[in-house]
Amino acid sequence: MSQTNPAVEKLRAQFEGAIQAESEFRGETTVTLRPQDLVAVARFLRDDPELRFNHLSNLTAVDWSKYPGHAAKERFSTVYQLLSTRSGQRLTLKVPAPSSDSPIVPSLTGLWPGANWPEREVYDLMGVKFDGHPDLRRILLPFNWPNHPLRKEIPRGGETVPFSMTWEDEEFASFGKQIVEAKAVPQVPPKQADANKHMILNMGPHHPATHGVLRVVVELDGERVVAAYPDLGYLHSGFEKQGESIRYKDFTLYTDRADYVSSMCTNLSYSLAVEKLMGVDIPRRAQVIRVIMAELQRLASHLLWLGTSVLDSAGVSHALLMYCFREREQILDILELVSGARLTTTYIRPGGVWRDVPPSFVERVQDVLDAFPKRIDEYERMVTHNPVWKSRTIGIGKLTQAQALAMSVTGPALRATGLAFDYRKTRPYSGYEAYDFEIPTATDGDLFARYLCRVAEMRQSLRIIEQALKNLPDGPVWTADRKMSLPPRQELDTSMEALIHHFKLNTEGFVPPVGEVYECAESPRGETGFYLVSDGTANPYRLHFRTPSFVNLQATDLMARGGFIADLVLIIGSVDITLGDVDR
Amino acid sequence: MDYIRDFFINFAHSWTTWISGGLPGWAVTVVNFLLGGLILVMMPVIATLALTWMERKVIGRIQNRLGPNRVGPWGIFQAIADAVKMLIKEDIIPDRADRPVFNLAPILIFVGAAMLWAVIPFGRRMIGQDLNIGALYVVAIGSITTVAVLMAGWASNNKFALIGAFRVVAQLLSYEIPMVLSIGVVVLVVGSMRMGTIVESQWVPFCLVLPVAFITYVLAAIAETGRAPFDLLEADSEIVAGYFVEYSGLKFGWFYIAEYGNLMAVSAITTTLFLGGWRGPFAGAAPVLGPLYFIIKTVLVIFVLMWIRGTLPRFRIDQMLAFAWKVLVPAALVNLLWVAAALKLPVPQAVQYAVMLVGNLAILGVTLTLLGQSAKQHAKRHGLAGA
């Protein structure tokens, strides 16, 4: 160990014997703790005035049972990535769960209420229980699912699907009786449900305002929302399990399918994580192209958000959606130009970008830069000063900064509370430190503040693209590192090693060293991160996908309570979820 | 030439003369009443066919689209294609629905929409029945809609429909008051509830004399027809389709027809009460122009309503009721008071009108100032001054 992390030093001083191990990989420190010390350590890390690891950015678990050289140790361990929003420092905590059969670790929901859903996800997929969790139920899978699928002994595919029904099932007897008491429908948490006074309304899974197959169980007192419980998993497709059985480079195209309206940004976060694991450098030109594509995608995503959000408040007749789609089309055309696809681009890949941009690229992006500022002004004239829009959004769905941090909310929803936290500034990647741009913030944390943030972000994206386009360097777009790049064609004729290397890379794929990394990027929705565990083979040993939609959606209940149904619709819209991103 | 000048009335006379050649007097009356009734009952259907096409085209243009352009030239047969689709759809009645009420609601709502047409003057002497209480009749028939919508929402046994029905009762009852008050102002000025007389006495359109009553009436009319930005009763993004979420096929079609029939009817009533009805240049010399002017004015009002629909977000229920009770009702009441006082002035009518206009403009100014101040206070309370 070259140098010890000051945070670890402080921890050692404060908690004697709590730290079982400490390791460093690719500049990230991982500390292994005893389970009983987790809450105290986390509290210390969060509250210590010097450290202030106030953002729980990721929470997951790993099943080590098939990991080489891990046989005798604890089978499961939970992993926590903490981040200081002030210094941008990250610290990974690892807690081995003591018992192998039904492992239990303490819950962090007391410190970060936002740990609620990630812990439920871990319980659902990995079977690790959390002591002190207020509502430990399955979250993505049906409640009667027979196993915890991310455990290593569970095979991928071939399982009987418990929710497939036959005509003999008793659920069918009650169909059409309107109040379906089907077993597959999870019960509403009985926290405040008072059936005599309140009406339970199921919004979704098929509802125009849930932006996909999201079900929100709303408890209503007249028109007022007493509580709103989102129910997820309708689109769960097991990306993480799938990721363990395919090569690193093949998973890129799964990342497109998760957040399908900002695939470039998800591609980018995944590529960053894999490149960090491999320890390769990306050439300048590829980095600049990545920045341009990510910012174009951010524009497209925010435009879609703006259009649909106004649509939520106005109904299908409102004009703004089509205007936003017109502009978004211009961007999607560019994405199609460079990658051949409009939504599922798979353009940014581990190692660089797929191909160099075509000659007309610069001109097309310049068109966007010329057209957009005026268009955004036009939308602002249409919406920002509209009294109806203002009265619908100002003071609605408020989230304070403390609440947002506690719920692990990231992205525009966090910045609307006044915290200028953006990974592009806090932990710059892909050369973002070289660009001159600002992080737009607002102070109110309500719907209007989020709207203002997003619109301002669109202008900043244009600024970044303009600078990037001006300084687009020449050169290769794929890494020169032979661990990931194919040998040049002419070498194959002369060098046997090059031929073997070429063959291995094409059949087996690149092989990262043993280690684990977490890397994230700022997607239009917030922090999109990947946690990768490598066992030295060409497939990931464990791949966890931290998505902003999933974590941010938790805050819906907090924001919606006390408001009206009409507000709830706008609040769900303002979180800006993509259901592929929520359920994965 | 004289025949052409008042073509519709003369044609009706010729028709009556022609059939009374072979029929007894009472039968002529029956046939004429039946024919007149049929024409008026067909009005909502005609309005639906014409207005769905127009609405799609207008909204399409507002949204930077072309609108329907496949079925027939400029897509004018789109509405007919839709009607055919609606006819051949399955009629679904939810289990545990209150069947008689469920089936009655679409009929009732259509009846309400159709009956409005009886008192609308299309031209001089071109009116279904020139009731001496025409204006009151309009208000009375308009409230049938409330009952029908509540029936539909309740009988569907669907929570979204129920919420929609709740909203309807709150909304329609609240907005009926400013509507009645603004019609009352017109009735006060004219001195008659007869629709024909109201048009006859508008030598200057009342929207120029009574702008507050005009604006109040239009806003209340939008709310009464449940169109954006007051379309909370069927808010598609919140409660899916509101009270008629469970209806399908032709029953859904009746709601659709009633919606557009009502839209056209309230626009026609706006034209009658405030825009001078069939009056226009040369309408006195050539009454055949009257219906033309009437339709042009009505379509203009409808276009404005569509324009509003294409560009404004929706109100929330509490804001909407607050707007009715805190803005429209007080303004309409003050207006009523002012007009009543102005009518007592012992001066020529033109001067009375001028006094009314001054008062109206003052009320409008005060209302807008107060609204702006409250918006500013609201913004300040949330720390958004200048945002």
Side-chain angles (χ1 to χ4, degrees), chain A residues 175-179 199-203 206-210 218 220 222-224 308-323 325-326 382-396 398 442-444 446 448-449 452 563-570 573, chain B residues 55-56 58-65 92 94-97 156-160 162-164 166-167 170 227-232 234-241 246 306-320 322-323 371-372 374-375 378-384 387:
Chain A
F175 265 28
K177 298 284 189 291
Q178 195 140 69
I179 301 155
M199 179 162 93
I200 303 287
L201 183 72
N202 269 302
M203 283 176 76
H206 303 289
H207 187 280
T210 53
V218 195
L220 289 175
E223 284 244 359
R224 289 224 172 247
T308 51
S309 191
V310 173
L311 200 70
D312 281 340
S313 73
V316 284
S317 54
H318 199 274
L320 194 56
L321 178 76
M322 294 308 286
Y323 286 104
F325 266 61
R326 177 184 64 189
M382 194 165 174
V383 180
T384 309
H385 300 295
N386 185 321
V388 185
W389 173 253
K390 275 177 144 175
S391 66
R392 285 298 304 277
T393 51
I394 291 179
I396 308 296
K398 272 201 169 195
T443 46
D444 262 30
D446 58 1
F448 194 64
L452 289 178
F564 288 88
I565 313 177
D567 296 335
L568 173 67
V569 166
L570 282 183
Chain B
E55 173 134 56
R56 286 172 177 209
V58 170
I59 297 274
R61 288 293 171 178
I62 289 175
Q63 295 184 352
N64 198 24
R65 292 185 286 117
I92 300 165
D95 197 19
R96 295 199 205 167
S156 298
N157 190 18
N158 180 310
K159 289 171 181 173
F160 288 113
L162 194 62
I163 292 174
F166 287 163
R167 288 180 174 187
R227 290 176 61 82
F230 302 121
D231 56 342
L232 297 118
E234 49 187 276
D236 42 14
S237 56
E238 298 158 21
I239 50 173
V240 193
E246 289 288 357
M306 287 176 179
W307 192 2
I308 291 173
R309 183 175 177 193
T311 43
L312 278 186
R314 186 186 298 127
F315 278 102
R316 217 172 52 200
I317 184 79
D318 59 325
Q319 295 165 346
M320 188 173 155
F323 184 63
L371 271 179
S374 91
H378 184 76
K380 205 190 241 168
R381 207 163 44 241
H382 294 285
L384 272 162

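Chain naming here is simple, since letters A, B, ... match the order of the sequence lines and numbering starts at 1 in each.
The contact between I317(B) and chain A is made entirely by side chain atoms (from C-beta outward), counting heavy-atom distances below 4.5 Å. Using a 4.5 Å cut-off between heavy atoms, R392(A) touches chain B through backbone and side chain atoms alike. With a 4.5 angstrom heavy-atom cutoff, R65(B) touches chain A only via side-chain atoms.
In this structure, CH2 on W307(B) lies 11.0 Å from CG on L312(B), to the nearest 0.5 angstrom.
Taking each heavy atom of R316(B) and A566(A) in turn, the nearest pair found is CG-CB, 3.6 Å.
For the pair L321(A)/V310(A), no side-chain contact is recorded, criterion being any heavy-atom separation below 4.5 Å from C-beta on. Looking at P94(B) and E246(B), their side chains come closer than 4.5 Å, going by heavy atoms from C-beta outward.
Counting heavy-atom pairs closer than 4.5 Å to chain B, the top residue among M322(A), M382(A), M203(A) is M322(A).
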